[in-house]
Amino acid sequence: MTRSSGIVVFVCLPFALLAQGGDKELRASADALFAKGEYAAAFQPYQTLVGNNQSDFDLNFRYGVCALHGGADKDEAIKYLKRSTLGPAPSPLAWYFLGKAYHTSYQFKEALTAYERYRGTADKKMLTERPVDALELQCRNGQNLLSNLKEIDVHNKVEVEGSDFFRFYDLSSIGGKIVVGFNRPQINTL
């Protein structure tokens with residue numbers, strides 16, 4: 001029995017070392033793509049890497065950023081970016097991108113909190129490169145818009161040219177009207 005166990009360890013050991021070497025190459029490739037801002041291209045390699053090591057805060061950060069830019073599921077980006085902020089010394093950028101992930105998911109209150117943490121931990125250079133003033137304003141505007149949602153009733157559906165769509169809106173019931181303030185240029189053909 002002991003002899004069999006030794007053989008199993010002996011047989012598995014080379015595969016484990018090969019996997020570790022492969023992860024190092026994959027990590028180097030993914031890190032190079034990430035450094036160039038090619039987040040969508042780095043998405044798949046980081047997905048593999050974070051699946052092998054979910055406790056690595058930096059991998060969670062990088063995968064979360066890639067999921068935000070290259071993945072369809074923004075909740076996944078939030079999950080991994082949030083996990084990355086639980087580390088002993090999270091990067092200020094983790095808070096920035098967590099704010100962006102919340103922002104794009106219409107979770108404006110959480111986005112503002114994350115942007116505030118970013119503002120409090122980032123240095124002056126980082127704040128200059130990735131300012132959040134406009135993003136925070138967008139979140140506050142988003143909160144305001146979502147708090148004043150109105151029910152829209154469709155009375156009639158018609159298919160019209162894109163240039164004339166506004167002519168079919170009746171806003172008189174809410175005291176509004178559409179004003180056209182420009183003329184479309186004429187296109188002359190020979």
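Annotation: the span from C139 atom SG to K100 atom NZ amounts to 9.5 Å, rounded to 0.5 Å. To the nearest 0.5 Å, atom CG of residue L33 and atom OH of residue Y46 are 8.0 Å apart. A distance of 15.5 Å separates OH of Y80 from CZ of F61, quoted to the nearest 0.5 Å. Expressed to the nearest 0.5 Å, how far CD of Q107 lies from OG1 of T113 amounts to 11.0 Å. With values rounded to the nearest 0.5 angstrom, K109 atom NZ is found 14.5 Å from R140 atom CZ. Here the OH atom belonging to Y118 is positioned 15.5 Å from the OG1 atom belonging to T85, to the nearest 0.5 angstrom.
Taking all atoms of both residues into account, the shortest heavy-atom contact from A41 to P45 is O-CD, 3.5 Å. In plain terms, the two heavy atoms of G99 and A111 that are nearest each other are O-CB, 3.4 Å. In plain terms, the two heavy atoms of A94 and S84 that are nearest each other are CB-OG, 3.5 Å. The two residues L81 and F97 have their closest heavy-atom pair at CD1-O, 3.5 Å. Of all the heavy atoms in L49 and R27, the pair that sits closest is CD1-CA, 3.6 Å. When every heavy atom of L135 is checked against every heavy atom of P131, the shortest pair comes out as CD1-O, 3.9 Å.
If you chain together hydrophobic residues whose side chains sit under 4.5 Å apart, V132 and M126 fall into the same group. Cluster annotation: L98 and L59 are assigned to the same hydrophobic cluster (Ile/Leu/Val/Met/Phe/Trp/Tyr, side-chain heavy-atom contacts under 4.5 Å, transitive). With hydrophobic clusters built from ILVMFWY side chains whose heavy atoms lie under 4.5 angstrom apart, Y115 shares a cluster with Y102. There is no path of hydrophobic side-chain contacts, each under 4.5 Å, that joins F57 to V50.
R130 and Y96 share no donor-acceptor pair across their side chains, judged by distance under 3.5 Å alone. Between D56 and N60, the side chains place no donor N or O within less than 3.5 Å of an acceptor N or O (distance only, hydrogens not considered). A donor-acceptor contact closer than 3.5 angstrom links the side chains of S55 and N53.
Residues D75 and I78 form a side-chain contact, since some pair of their non-hydrogen atoms from C-beta on lies under 4.5 Å apart.
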- request: Applying side chain to side chain contact (heavy atoms under 4.5 Å, CB included), run through Q44 and T48 and close with a yes or a no.
  value: CA-CA 6 Å; Q44 191 64 46; T48 301; 4.3 Å; yes
- prompt: Going through the distances and angles, do E110 and H103 end up as a side chain to side chain contact (heavy atoms under 4.5 Å, CB included)?
  reply: CA-CA 8 Å; E110 292 83 357; H103 191 157; over 6 Å; no
- request: Go through the steps for E38 and F43 under the test side chain to side chain contact (heavy atoms under 4.5 Å, CB included), then give the verdict.
  value: CA-CA 9 Å; E38 296 179 18; F43 176 79; over 6 Å; no
- prompt: Passes side chain to side chain contact (heavy atoms under 4.5 Å, CB included), D133 versus R119? Steps please.
  reply: CA-CA 10 Å; D133 294 334; R119 187 187 295 280; 2.7 Å; yes
- request: Given ring-ring contact (aromatic ring centres under 6.0 Å, His included), test Y39 with F34 step by step and report yes or no.
  value: CA-CA 6 Å; Y39 304 124; F34 190 90; 5.1 Å; yes
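Without hydrogens or angle criteria, K74 side chain to T104 main chain gives no donor-acceptor distance under 3.5 Å. The backbone N or O of A101 lies less than 3.5 Å from a partner atom in the side chain of S105, making a donor-acceptor pair.
The side-chain contact (heavy atoms from CB on, under 4.5 Å) search around R117 returns W95, not counting sequence neighbours.
The number of heavy atoms from other shown groups lying within 6.0 Å of NZ (K79) does not exceed 12. For CD of Q138, the number of neighbouring non-hydrogen atoms (other residues, nucleotides, ligands) closer than 6.0 Å is greater than 12.
A salt bridge links D58 with R62: the closest approach of a Lys/Arg side-chain nitrogen to an acidic carboxylate oxygen falls below 4.0 angstrom.
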